[in-house]
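Following: one structure in structure tokens, then a few remarks.
A note on names: the letters A, B, ... follow the listed sequences, proteins ahead of strands, and every chain is numbered from 1.
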Number of protein chains: 2
Amino acid sequence: MFSIGELSKRTGVKIPTIRYYEQMGLIEAPERSQGNQRRYSKDGMQRLSFIRHSRELGFSIGDIKGLLELSQHPEKPCHDAHNMAARRLEDVRARIAKLQRLERELKRISDCDADTVAHCAVIETLADHNLCETEH
Amino acid sequence: MFSIGELSKRTGVKIPTIRYYEQMGLIEAPERSQGNQRRYSKDGMQRLSFIRHSRELGFSIGDIKGLLELSQHPEKPCHDAHNMAARRLEDVRARIAKLQRLERELKRISDCDADTVAHCAVIETLADHNLCETEH
DNA sequence: TATAATCCCTCTAGCGACTATAGATTCAAG
DNA sequence: CTTGAATCTATAGTCGCTAGAGGGATTATA
């Protein structure tokens with residue numbers, strides 16, 4: 001049994017965020033001390049770790065609800081989990097591709113060595129999209 | 001002189017977003033028609049294009065205010081613009097690196113071909129961070 | 001010129017995933 | 001028993017929009 005502060009330290013999830021997850025129905029309301037403070041079990045900690053890890057991988061709160069549901073039912077087929085992971089993977093790849101285009105452009109425009117705004121590539125490029133090399 | 005709808009079409013910025021930018025002080029309030037509708041000049045359009053492009057590159061509204069200010073003063077030195085671009089570039093690179101780690105992990109866990117949740121790598125990995133290959 | 005279709009106005013509220021603040025209560029250590 | 005840290009609830013704010021309600025303006029056609 002540990003307090004919310006300890007749970008926070010052990011999982012790396014901030015205290016208000018834990019309470020927020022409770023409100024959102026991701027974690028169930030834990031037992032309380034006599035003075036009405038939350039007291040968590042190891043189980044609660046595992047669940048929170050699951051959530052944290054999932055968030056780090058970019059799953060939405062909605063997705064996580066589904067994944068948690070699934071993880072409670074080991075006998076169920078897991079297509080859903082795979083589909084979600086696959087969708088996330090696609091999304092991540094698209095974002096990487098987009099960011100790489102941005103990287104190229106940012107690099108190009110910040111290579112400018114003008115002194116004043118009048119000749120500055122950063123400003124010029126921002127003003128005129130046609131100066132970009134690639135689509136974005 | 002064109003309406004907000006036309007401005008929207010020409011710049012690709014949605015109408016409510018244009019009004020939002022006006023509220024945020026990114027673009028100044030344009031002239032109005034007799035019936036109180038916004039009427040934009042070519043100048044307004046260029047400013048909006050600047051904003052749009054900057055947003056696409058990931059600059060925040062706050063950053064853009066600064067960049068716009070700079071772009072109005074061609075005689076000023078442009079270190080600030082370069083610094084902002086450099087910071088953005090750093091940020092973009094960090095995000096790429098992080099996403100690539102996620103990609104590796106998502107790929108790994110979605111390669112699982114179990115049928116039920118009990119043996120599913122997706123669920124297992126989410127539950128136990130130690131199963132990950134890399135930090136994130 | 002009348003009317004209909006489309007556009008535009010303001011204002012308010014909502015999104016997701018938190019984060020911050022205020023003011024009150026409880027806990028743990030000395 | 002006192003003190004200081006931790007916790008409680010409730011509310012509001014963050015960012016960058018987006019959606020909706022309930023109206024007025026403009027434009028194209030009859």
Side-chain angles (χ1 to χ4, degrees), chain A residues 1-27 29-40 44-45 47-68 84 87-88 91 95 98 102, chain B residues 1-27 29-40 44-45 47-68 84 87-88 91 95 98 102:
Chain A
M1 285 294 136
F2 26 83
S3 68
I4 196 169
E6 210 162 333
L7 182 64
S8 169
K9 263 183 211 141
R10 294 197 195 197
T11 57
V13 180
K14 285 180 191 160
I15 291 173
T17 306
I18 296 174
R19 290 195 278 244
Y20 168 74
Y21 287 159
E22 185 183 321
Q23 232 182 283
M24 293 298 102
L26 280 190
I27 55 187
E31 294 177 43
R32 299 287 182 128
S33 72
Q34 290 192 322
N36 196 35
Q37 301 192 351
R38 291 168 179 82
R39 290 294 176 261
Y40 295 91
M45 194 180 83
R47 202 173 161 95
L48 186 56
S49 299
F50 185 108
I51 294 167
R52 188 195 169 188
H53 193 187
S54 304
R55 284 292 303 136
E56 279 171 348
L57 290 174
F59 291 97
S60 71
I61 299 272
D63 280 351
I64 295 173
K65 265 191 192 167
L67 290 168
L68 278 167
M84 281 192 243
R87 249 183 288 126
R88 276 266 68 217
D91 184 57
R95 274 158 62 193
K98 188 171 178 207
L102 295 191
Chain B
M1 286 294 135
F2 27 83
S3 69
I4 197 170
E6 210 162 332
L7 182 65
S8 170
K9 264 183 212 143
R10 294 198 194 196
T11 59
V13 180
K14 285 180 190 158
I15 292 173
T17 307
I18 296 173
R19 290 196 279 245
Y20 168 75
Y21 288 159
E22 184 182 321
Q23 231 183 285
M24 294 298 102
L26 279 190
I27 56 187
E31 293 176 44
R32 299 287 182 127
S33 73
Q34 290 191 323
N36 197 34
Q37 302 192 350
R38 291 170 178 82
R39 290 292 176 260
Y40 294 91
M45 195 180 81
R47 201 174 162 97
L48 186 55
S49 300
F50 186 108
I51 294 168
R52 187 196 169 188
H53 193 188
S54 304
R55 284 293 302 137
E56 278 171 347
L57 291 174
F59 290 96
S60 71
I61 299 272
D63 280 351
I64 296 173
K65 265 191 192 166
L67 290 168
L68 278 166
M84 280 191 243
R87 248 183 289 125
R88 276 265 67 218
D91 183 56
R95 275 158 61 192
K98 189 172 178 205
L102 295 191

Q: Please list, chain by chain and in numerical order, all residues satisfying salt bridge (charged side-chain N to carboxylate O under 4.0 Å, His left out) with B:R38, sequence neighbours excluded.
A: B:E22
Q. When you list every nucleotide of DNA chain C with an atom under 4.0 Å from a heavy atom of chain A, which one comes first 5' to 3', and which comes last?
A. C:dA17 to C:dC27
(Q) With nearest nucleotide decided by heavy atoms, which residue, A:E6 or B:R19, maps closer to the 5′ end of DNA chain D? (A) A:E6
Q.
From CZ of B:F2 over to P of D:dT27, roughly how many Å is that when rounded to an integer?
A. 15 Å
Q: Take atom CG of A:L7 and atom C1' of D:dA6, then tell me their distance rounded to the nearest Å.
A: 14 Å
Q) Which atom pair, heavy atoms only, marks the closest approach of B:I27 to B:R47? A) CA-NE, 3.9 Å
Q: May I have the distance from A:Q23 (atom CD) to D:dT11 (atom P), rounded to whole angstrom?
A: 11 Å
Q: Verify the contact: side-chain N or O of B:S33 to OP1 or OP2 of D:dA25, cut-off strictly under 4.0 Å; return yes or no.
A: no
Q: For the residue pair A:Y20 and A:L26, establish whether any side-chain heavy-atom pair is separated by less than 4.5 Å.
A: no
Q | 5' priority, DNA chain D, between B:Q34 and A:Q37 [closest heavy atom] | A | A:Q37
(Q) Looking at every non-hydrogen atom in both residues, tell me the closest pair between B:F2 and B:M45 and how far apart they are. (A) CZ-SD, 4.0 Å
Q.
OP1 or OP2 of D:dT26 versus the side-chain N and O atoms of B:R38: is any pair under 4.0 Å?
A. no
**Q.** Residues forming a side chain to side chain contact (heavy atoms under 4.5 Å, CB included) with B:M1, sequence neighbours excluded
**A.** B:E31, B:R39, B:S41
Q | Residues which pass salt bridge (charged side-chain N to carboxylate O under 4.0 Å, His left out) with B:R88, listed by chain and number, not counting sequence neighbours | A | B:D91
Check the interface with nucleotides 12-18 of chain D: list each N/O to N/O pair with the protein under 3.5 Å, or write none.
from	atom 1	to	atom 2	distance (Å)
D:dC17	OP2	B:Y21	OH	2.9
D:dC17	OP2	B:R55	NE	2.7
D:dT18	OP2	B:T17	OG1	3.2

Q) Whole-Å distance between D:dT7 P and A:N36 CG? A) 13 Å
Q. Does a side-chain N or O from B:R32 land closer than 4.0 Å to OP1 or OP2 of D:dT26, or not?
A. no
**Q.** Set of side chain to side chain contact (heavy atoms under 4.5 Å, CB included) partners for B:K14, sequence neighbours left out
**A.** B:P16, B:T17
Q: Check whether any side-chain nitrogen or oxygen of A:S3 sits under 4.0 Å from OP1 or OP2 of D:dA6, and answer yes or no.
A: no
Q) Of all residues at least two apart in sequence or in a different chain, which pass the side chain to side chain contact (heavy atoms under 4.5 Å, CB included) check with A:S60? A) A:D63
If you look only at distance, which donor and acceptor atoms sit under 3.5 Å apart when one is on a side chain in residues 4-13 of chain B and the other is two or more places apart or in another chain?
from	atom 1	to	atom 2	distance (Å)
B:E6	OE2	B:R10	NH2	3.1
B:S8	OG	B:V13	O	2.8
B:T11	OG1	B:L7	O	2.8
B:T11	OG1	B:V13	N	3.3

